[in-house]
Amino acid sequence: FLYSFYTNDSIVEVSRDTGESLWWAGTVSGGYDFEPSDAQFDWQHGISYTDTGTLLLSSEARIDDVKSTVVWEYDVNHTDGTLTEVWFADSGEHASTNGDAWRLDNGNTLHVIGSSGHIKEYDASGETVWHVDITTEDSGRLLGRGEFIEDLYELVSP
């Protein structure tokens, strides 16, 4: 199981069979290191493993001294005890809470940008290929979790 403790900027993987903590990373001491060190997640949400075994999550970050919500992808190296950044996408939006990130079957990444009220799909180079904005002039909208469904009708067909 992957658990996100976003209030202390840490994640832990726990064995389903034994309940033992397998590894952790973030601000809790003794955890895995980040490569590079400035690729450390902050206020992370929506953590998951991709089909290729990398770790994907939505995180707060400072881009040119401005808060933004980003997607980080890491290679988890259990031998060296490191999370190495392999991919990064900046949404250009800031969500003070919530969010989600999923790798799609086409290789793109779906990013639900929490309280900003935005959802984006990025290609492998981090460019936005699809964007929806559900904010209004006077308020944002809180988006928690999202998942791409190819065909909604398959869910209701007998």
Side-chain angles (χ1 to χ4, degrees), residues 1-13 24-28 31-76 82-157:
F1 298 105
L2 282 172
Y3 291 99
S4 171
F5 297 95
Y6 60 91
T7 56
N8 72 357
D9 307 320
S10 297
I11 61 173
V12 63
E13 184 170 2
W24 64 90
T27 60
V28 176
Y32 283 18
D33 293 323
F34 291 85
E35 296 291 335
S37 60
D38 64 351
Q40 182 169 335
F41 51 73
D42 180 35
W43 202 249
Q44 74 287 344
H45 285 77
I47 58 173
S48 64
Y49 280 115
T50 66
D51 289 342
T52 60
T54 58
L55 188 70
L56 194 68
L57 55 84
S58 178
S59 173
E60 187 172 273
R62 287 202 169 272
I63 309 297
D64 298 325
D65 231 13
V66 175
K67 282 186 180 179
S68 188
T69 301
V70 303
V71 174
W72 252 313
E73 182 177 9
Y74 302 96
D75 176 59
V76 182
T82 58
L83 293 182
T84 301
E85 177 187 341
V86 294
W87 187 77
F88 172 89
D90 176 15
S91 72
E93 308 293 338
H94 178 251
S96 59
T97 191
N98 291 38
D100 207 1
W102 290 98
R103 183 61 39 81
L104 303 174
D105 289 343
N106 66 1
N108 289 351
T109 301
L110 180 69
H111 190 194
V112 179
I113 312 166
S115 61
S116 77
H118 294 263
I119 304 170
K120 293 187 178 187
E121 180 180 337
Y122 311 111
D123 64 16
S125 67
E127 294 297 315
T128 301
V129 296
W130 179 84
H131 175 206
V132 66
D133 176 354
I134 63 167
T135 59
T136 63
E137 289 183 24
D138 58 345
S139 69
R141 296 289 183 250
L142 180 61
L143 300 167
R145 190 142 170 90
E147 184 174 347
F148 181 80
I149 298 173
E150 185 72 38
D151 185 350
L152 288 173
Y153 294 105
E154 287 182 12
L155 297 175
V156 295
S157 62

What are the two closest non-hydrogen atoms of L57 and S59, and how far apart are they?
CD1-CB, 3.7 Å
The side-chain contact (heavy atoms from CB on, under 4.5 Å) partners of D9 (sequence neighbours excluded) come to T27, D42, W43, Q44
Taking only residues two or more places apart in sequence, or in another chain, which ones meet D33 in a side chain to side chain donor-acceptor pair (under 3.5 Å)?
none
Closest non-hydrogen atom pair, A89 against G126
CB-CA, 4.3 Å
Is the CG atom of N8 crowded by more than 12 outside heavy atoms at less than 6.0 Å?
yes
Qualifying residues under ring-ring contact (aromatic ring centres under 6.0 Å, His included), relative to F88, sequence neighbours excluded:
W72
Take H45 and T97 through the test side chain to side chain contact (heavy atoms under 4.5 Å, CB included) and record every step on the way to the result.
CA-CA 8 Å; H45 285 77; T97 191; 4.1 Å; yes
For N98, the side chain to side chain donor-acceptor pair (under 3.5 Å) test, sequence neighbours excluded, returns none
For A95 and S116, work out which heavy atoms get closest and say how close.
CB-N, 3.8 Å
Sequence neighbours excluded, which residues qualify as side-chain contact (heavy atoms from CB on, under 4.5 Å) partners of T128?
K120, Y122, H131
Within 6.0 angstrom of W24 CH2, more than 12 heavy atoms from elsewhere
no
For T50, the side chain to side chain donor-acceptor pair (under 3.5 Å) test, sequence neighbours excluded, returns T52, T54
Atom of D123, atom of W87 and distance for their closest heavy-atom approach:
O-CZ2, 3.5 Å
F34 and F41: CA distance, side-chain angles, deciding distance, side chain to side chain contact (heavy atoms under 4.5 Å, CB included) verdict
CA-CA 9 Å; F34 291 85; F41 51 73; 3.4 Å; yes
Set of side chain to side chain donor-acceptor pair (under 3.5 Å) partners for S58, sequence neighbours left out:
H111
Applying side chain to side chain contact (heavy atoms under 4.5 Å, CB included), run through W102 and S48 and close with a yes or a no.
CA-CA 7 Å; W102 290 98; S48 64; 4.0 Å; yes
Quick one: CG on D51 to CG on L104, what's the gap to the nearest 0.5 Å?
10.5 Å
Sequence neighbours left out, what passes salt bridge (Lys or Arg N to Asp or Glu O under 4.0 Å) with E73? Give chain and number order.
R103
For Y74 and Q40, the nearest pair of non-hydrogen atoms, with its separation, is OH-C, 4.0 Å
Residues which pass side-chain contact (heavy atoms from CB on, under 4.5 Å) with D151, listed by chain and number, not counting sequence neighbours
Y153, E154
Sorted by chain and residue number, the side-chain contact (heavy atoms from CB on, under 4.5 Å) partners of A101 (sequence neighbours excluded) come out as L56, V71
Enter the distance from E13:CD to Y49:OH here, rounded to the nearest 0.5 Å.
3.5 Å
Checking V28 against F5 for the side chain to side chain contact (heavy atoms under 4.5 Å, CB included) test, could you report, in this order, the C-alpha distance in whole Å, the side-chain angles of both residues, the deciding distance, and whether it holds?
CA-CA 10 Å; V28 176; F5 297 95; over 6 Å; no
Please say whether more than 12 non-hydrogen atoms of neighbouring residues, nucleotides or ligands are located less than 6.0 Å from OH in Y6.
no
Using 0.5 Å steps for rounding, measure from the NE2 atom of H94 to the NE2 atom of H118.
12.5 Å
Check the pair S91 / T69 against side chain to side chain donor-acceptor pair (under 3.5 Å), numbers first and verdict last.
CA-CA 6 Å; S91 72; T69 301; 5.1 Å; no
